[in-house]
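In what follows, a structure is listed as structure tokens, so that the remarks can point back to it.
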Amino acid sequence: MRLITWNINSLRLRLPLLQRLIEEQAPDVICLQETKVPDPLYPRDALAELGFPHQLYRGMKSYNGVTILSRTPLEPITGTPDWCGREDCRHVAASIQTETGPVTLHNFYVPAGGDIPDPQENEKFAHKLAFLEEATAWFRANPPQRSILVGDLNIAPLEHDVWSHRQLLKIVSHTPPETTRLTEWLHAGFEDAMRKAIPEPEKLFTWWSYRNRDWKKSNRGRRLDHIWTTPDLLPGLKTINVLSPMRDWTSPSDHVPVMMDLAV
DNA sequence: ATGGTAGAGCTTCTA
């Protein structure tokens, strides 16, 4: 199975890029974040024509929004929490059929958390920490098996997940309150598949700010996008590929896709 | 220490 996760930053705007991605990489399953499209305006037909008639989506106006696309049928997983009681379209889950049996797939868009890394001063940062704690508690109470968790988790947990560990320690996405919580969530039953395939100290980034004039030259990236699997699936891990060249496509997202080939 | 850019939809918020 070939799976891609990508923060597309507007699904409707970047449908042509998604089409090219599908043509070049031929994924079986695609998880997108920041679709920024309300459900009634979701481009069902266009995506079906690209080979993905099986769609699960949860969107809202302007912000957030997640979707899972599949060439083969998806079974929606219901009964997952409404994280932080906000109904803000940051998680969707499905069961997908494989030759070796069903696999559970979680697609998350974790709150970015604003600029000030202090939950007292910054409600968005407080929300981010609460979201991480809720997710950790839920997976501890519902231990995952044969599961994949992907998404824009908006945290770069390891030293070599950022261009400068020292300079980013007080920058939201790499502060200890976030990285320790993300690691606790991971340890609620998952393995970091990206780092199994590409271990530290190799630098690994999936996001480069729009605010750098030349992203490649300055290379001030962060690994904000993740692919986790439960240990039972890890023997099937073949390759992880960060599709960095897409950052140079016309009108790119600030995130690039991460692709995994998994034998299931 | 600061400001730089992008998207959605409306003149601001979020990232």
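Chain letters run A, B, ... following the sequence lines, proteins first, then strands; residues in each count from 1.
For the pair A:I116 CD1 and B:dT2 P, the interatomic distance rounds to 13 Å; values are reported in whole Å. Separating the CD1 atom of A:I8 from the C1' atom of B:dA8 is a distance of 15 Å, rounded to the nearest angstrom. One can place CG of A:L11 at 13 Å from C1' of B:dG7, the figure rounded to the nearest angstrom. Following rounding to the nearest Å, A:L15 (CG) and B:dA8 (P) show an atom-to-atom distance of 11 Å. Straight-line distance from the CH2 atom of A:W208 to the C1' atom of B:dA15: 17 Å, rounded to whole Å. Note: CD (A:Q167) to P (B:dT2) measures 17 Å, nearest angstrom. The CZ atom of A:R14 sits 12 Å away from the C1' atom of B:dA15 (whole-angstrom rounding). Taking atom CG of A:N64 as the reference point, atom P of B:dA8 lies 14 Å away to the nearest angstrom.
Taking side-chain N and O atoms only, A:K124 has a distance below 4.0 Å to OP1 or OP2 of B:dT14.
Using a 4.0 Å cut-off between a side-chain N of Lys or Arg and a carboxylate O of Asp or Glu, A:D248 and A:K216 qualify as a salt bridge.
For A:R222, the side-chain contact (heavy atoms from CB on, under 4.5 Å) partners two or more places apart in sequence, or in a different chain, are A:A156, A:V162, A:L168, A:I171, A:S173, A:W207, A:L224. In this structure A:R86 satisfies the side chain to side chain donor-acceptor pair (under 3.5 Å) test together with A:E123, A:H127, sequence neighbours excluded. When the side-chain contact (heavy atoms from CB on, under 4.5 Å) test is applied to A:R146, the partners found at least two apart in sequence or on another chain are A:T98, A:T100, A:V103, A:D232, A:L233.
With C1' as the reference atom, B:dT14 and B:dG9 are 12 Å apart, rounded to whole Å. Look at the C1' atom in both B:dA8 and B:dG3: the space between them is 23 Å, to the nearest Å. Annotation: B:dA6 and B:dT2 have their P atoms spaced 23 Å apart (nearest Å). B:dT5 and B:dA1: their P atoms are spaced 22 Å apart (whole Å).
Applying a 4.0 Å cut-off to non-hydrogen atoms, the residues of residues 211-225 of chain A that approach DNA chain B are A:R211, A:R213, listed by residue number.
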For residues 255-264 of chain A, tabulate all N or O donor-acceptor pairs below 3.5 Å that involve a side-chain atom, not counting sequence neighbours.
unit_1, atom_1, unit_2, atom_2, d
A:H255, ND1, A:D225, OD1, 3.3
A:H255, ND1, A:D225, OD2, 2.8
A:D261, OD1, A:R2, NE, 2.8
A:D261, OD2, A:R2, NH2, 2.9
A:D261, OD2, A:T239, OG1, 3.2

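Here the side chain of A:Y210 is nearest to one of B:dA8, B:dA6, B:dC13, namely B:dA6. Nearest nucleotide to the side chain of A:R90, out of B:dA15, B:dC10, B:dT14: B:dA15.
For the side-chain hydrogen bond (donor to acceptor under 3.5 Å, both in side chains) with A:W208, the qualifying choice from A:D254, A:N219, A:D214 is A:N219, the only one to do so.
Annotation: of the two residues near DNA chain B, A:S251 and A:E34, the 5′-most nearest-nucleotide partner is A:S251. Remark on DNA chain B: of its neighbouring residues A:N7 and A:R12, the 5'-side contact belongs to A:R12, judged by nearest-heavy-atom nucleotide.
Applying the side chain to side chain donor-acceptor pair (under 3.5 Å) test to pairs two or more places apart or on separate chains, those with a residue in residues 73-83 of chain A are A:W83-A:H91.
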